[in-house]
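Okay, structure first, notes after.
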Protein chains: 2
Amino acid sequence: MSDVPPKTAFSPPDDSPPGPAPSEPPLGFVLVDAARLYRARIDRAFEGAGLGLTAGEARTLAYVDYHPGLRQTALAEKMNVEPMTLVGFLDRLEAAGLLVRETDPRDRRAKIVKLTPEATPSIAGVLAAAAAARREATCGFSETEQALLRDLLLRLRDNLAREHRSRDEK
Amino acid sequence: MSDVPPKTAFSPPDDSPPGPAPSEPPLGFVLVDAARLYRARIDRAFEGAGLGLTAGEARTLAYVDYHPGLRQTALAEKMNVEPMTLVGFLDRLEAAGLLVRETDPRDRRAKIVKLTPEATPSIAGVLAAAAAARREATCGFSETEQALLRDLLLRLRDNLAREHRSRDEK
DNA sequence: AATTATAATAAGCTATCCTTACATTCAAGC
DNA sequence: GCTTGAATGTAAGGATAGCTTATTATAATT
């Protein structure tokens, strides 16, 4: 340890552009790094809790809990994943008996996703594991900082989601 | 469109707990969401730039640029990935002629990673693409907010990295 | 000399996405 | 009615990015 110089600067000896600072370890790298470690931490928490859920499945479960009765397309849109990605998660969760797909009476093509009563303990476990991971990750953060981080990330996510959506609207 | 209410809040019509707020869309979910969208955005940027690099490869390249002459294990540790994960990235980057692995004269088991001159334009491309993605992602952010986000993420990452490391130290 | 530890790697697995193609079903025009 | 077109979910298949376990070559230790 102690090998990281306190003042980081990508591309060390040459030009430092005039403008508003090029942000040294590019923000995206830090973000992707943090997310990978976070996901690994969560996966381990779920594994240890014996929930039999992966991060993606847990995320799906939480979304269905918050938005019950949505169609799959709508749910996928909320989660910012492709419908086909969601199918896999739902398949496994349905096989585990944690949710059901009911045909929408108003459109027999569509299916409505609902949690079963059996899901309740899993939801609790997911939230508990998420909370434990969050506590570790935000060790040393004040309440304010934690809230700030979440707000900034939400804004960032919405920026990217908007652009993402407008792209395949063609 | 227009189904996402501007004020986000998990669990809408019911209880708003008394305490320090349980952080509504669990922070980790927001983080993982944001990172996934970010990575997709970056992948697309690299693809469009004709660099022939994936996000992981680009990240490796940037790390080698910033920490030249490191051994693979040290580099992997800096990147917070397993040595074996790094090998794949290095294989492809070396095959592309962007870097070389030289045997460390002080330990013939070890290899030292260095960029080739051919890497220079790729590095520039990587940084440019990263900057473009960052500009989109942080649209509407002030300079201060951007710096704040990076700092918070760095702290979060270090929290998780420390815990991660202490885990397999056994 | 023998043992143990370390650096890189080979092999193989998993999760999480994606894209493309297709069946069903609905909605609208004729 | 029928036909056309769009939308819903899904099957199939692929790519990336990680991981774990085991192997080989070299170093360090005893």
Side-chain angles (χ1 to χ4, degrees), chain A residues 29 32-44 46-47 52-60 70-77 79-95 100-113 160 164 167-170, chain B residues 29 32-44 46-47 52-60 70-77 79-95 100-113 160 164 167-170:
Chain A
F29 289 11
V32 169
D33 268 22
R36 178 166 29 75
L37 289 167
Y38 210 123
R39 183 182 304 219
R41 174 65 185 76
I42 285 187
D43 274 338
R44 216 156 2 90
F46 288 164
E47 198 179 318
L53 293 174
T54 65
E57 291 158 9
R59 202 158 54 89
T60 306
L70 238 46
R71 292 182 182 183
Q72 290 188 198
T73 14
L75 183 57
E77 189 167 335
M79 295 177 65
N80 289 303
V81 295
E82 298 302 310
M84 196 51 221
T85 300
L86 182 59
V87 166
F89 294 148
L90 292 181
D91 282 351
R92 280 169 279 172
L93 291 171
E94 190 170 31
V100 288
R101 289 187 254 214
E102 295 175 358
T103 303
D104 187 338
R106 290 175 308 179
D107 184 343
R108 295 214 310 275
R109 292 169 303 179
K111 297 195 182 147
I112 292 202
V113 182
L160 289 169
H164 192 75
R167 164 161 277 271
D168 47 36
E169 250 164 26
K170 238 189 311 317
Chain B
F29 289 12
V32 170
D33 268 23
R36 179 165 29 74
L37 288 167
Y38 210 124
R39 184 183 302 221
R41 173 64 184 79
I42 284 186
D43 274 336
R44 215 154 5 88
F46 288 163
E47 199 180 318
L53 294 174
T54 66
E57 291 158 9
R59 203 159 53 89
T60 306
L70 238 45
R71 290 181 183 185
Q72 291 188 199
T73 20
L75 183 57
E77 189 166 335
M79 293 177 66
N80 289 300
V81 296
E82 298 302 311
M84 197 51 220
T85 300
L86 182 60
V87 166
F89 295 147
L90 293 180
D91 282 351
R92 279 169 281 170
L93 291 170
E94 190 170 29
V100 287
R101 290 186 256 215
E102 295 175 357
T103 303
D104 186 338
R106 291 174 309 179
D107 184 344
R108 294 215 309 278
R109 293 170 300 180
K111 296 193 182 150
I112 291 198
V113 182
L160 289 169
H164 192 75
R167 163 161 275 270
D168 48 34
E169 250 164 26
K170 247 193 298 325

Quick one: [X] [atom1] to [N] [atom2], roughly how many Å, whole number?
{"X": "A:L70", "N": "D:dG9", "atom1": "CG", "atom2": "P", "value": "10 Å"}
{"X": "B:R41", "N": "C:dC18", "atom1": "CZ", "atom2": "C1'", "value": "17 Å"}
{"X": "A:D91", "N": "C:dA15", "atom1": "CG", "atom2": "P", "value": "14 Å"}
{"X": "A:I112", "N": "D:dG9", "atom1": "CD1", "atom2": "C1'", "value": "14 Å"}
{"X": "B:R108", "N": "D:dT26", "atom1": "CZ", "atom2": "P", "value": "6 Å"}
{"X": "B:L37", "N": "C:dC17", "atom1": "CG", "atom2": "P", "value": "10 Å"}
{"X": "A:M84", "N": "C:dT19", "atom1": "CE", "atom2": "P", "value": "12 Å"}
{"X": "B:F46", "N": "D:dT16", "atom1": "CZ", "atom2": "C1'", "value": "14 Å"}

Restricting to non-hydrogen atoms, name the atom on [X] and the atom on [Y] that form the minimum distance, rounded to 0.1 Å.
{"X": "A:D107", "Y": "A:T103", "result": "O-CG2, 4.4 Å"}
{"X": "B:A55", "Y": "B:R39", "result": "CB-CG, 4.0 Å"}
{"X": "A:A34", "Y": "B:L160", "result": "O-CD1, 4.1 Å"}

Ignoring backbone atoms, test whether [X] places a side-chain nitrogen or oxygen under 4.0 Å from the OP1 or OP2 oxygen of [N].
{"X": "A:T73", "N": "D:dA7", "answer": "no"}
{"X": "A:R101", "N": "D:dT10", "answer": "yes"}
{"X": "B:T85", "N": "D:dC19", "answer": "yes"}
{"X": "B:R106", "N": "D:dA28", "answer": "no"}

How would you label the contact of [X] with the nucleic acid (heavy atoms, under 4.0 Å): base, sugar-phosphate, or nothing?
{"X": "B:R92", "value": "sugar-phosphate"}
{"X": "B:A55", "value": "sugar-phosphate"}
{"X": "B:T54", "value": "sugar-phosphate"}
{"X": "B:R39", "value": "sugar-phosphate"}

Tell me, do A:M84 and A:V87 make a side-chain contact under 4.5 Å, heavy atoms counted?
yes
Heavy atoms from C-beta onward define the side chain here; which of [options] lies closest to that of [X]?
{"X": "B:A110", "options": "C:dA7, C:dT16, D:dA17", "value": "C:dA7"}
{"X": "A:V81", "options": "C:dT16, C:dC17, D:dA17", "value": "C:dC17"}
{"X": "B:D107", "options": "D:dA17, C:dA7, C:dT9", "value": "C:dA7"}
{"X": "B:F89", "options": "C:dT9, D:dC19, D:dA17", "value": "D:dA17"}
{"X": "A:R36", "options": "D:dG18, D:dT10, C:dT16", "value": "D:dG18"}

Strictly distance-based, threshold 3.5 Å: is any side-chain N or O of A:R71 a donor or acceptor partner for the main-chain N or O of A:D104?
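Here the side-chain-to-backbone pair does not exist.
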Rounded to the nearest 0.5 Å, what separation is found between the OG1 atom of B:T60 and the CZ atom of B:F89?
5.0 Å
Determine whether a donor-acceptor pair (one donor, one acceptor, N or O, separation below 3.5 Å) exists between the side chain of B:R109 and the base of C:dT6.
yes
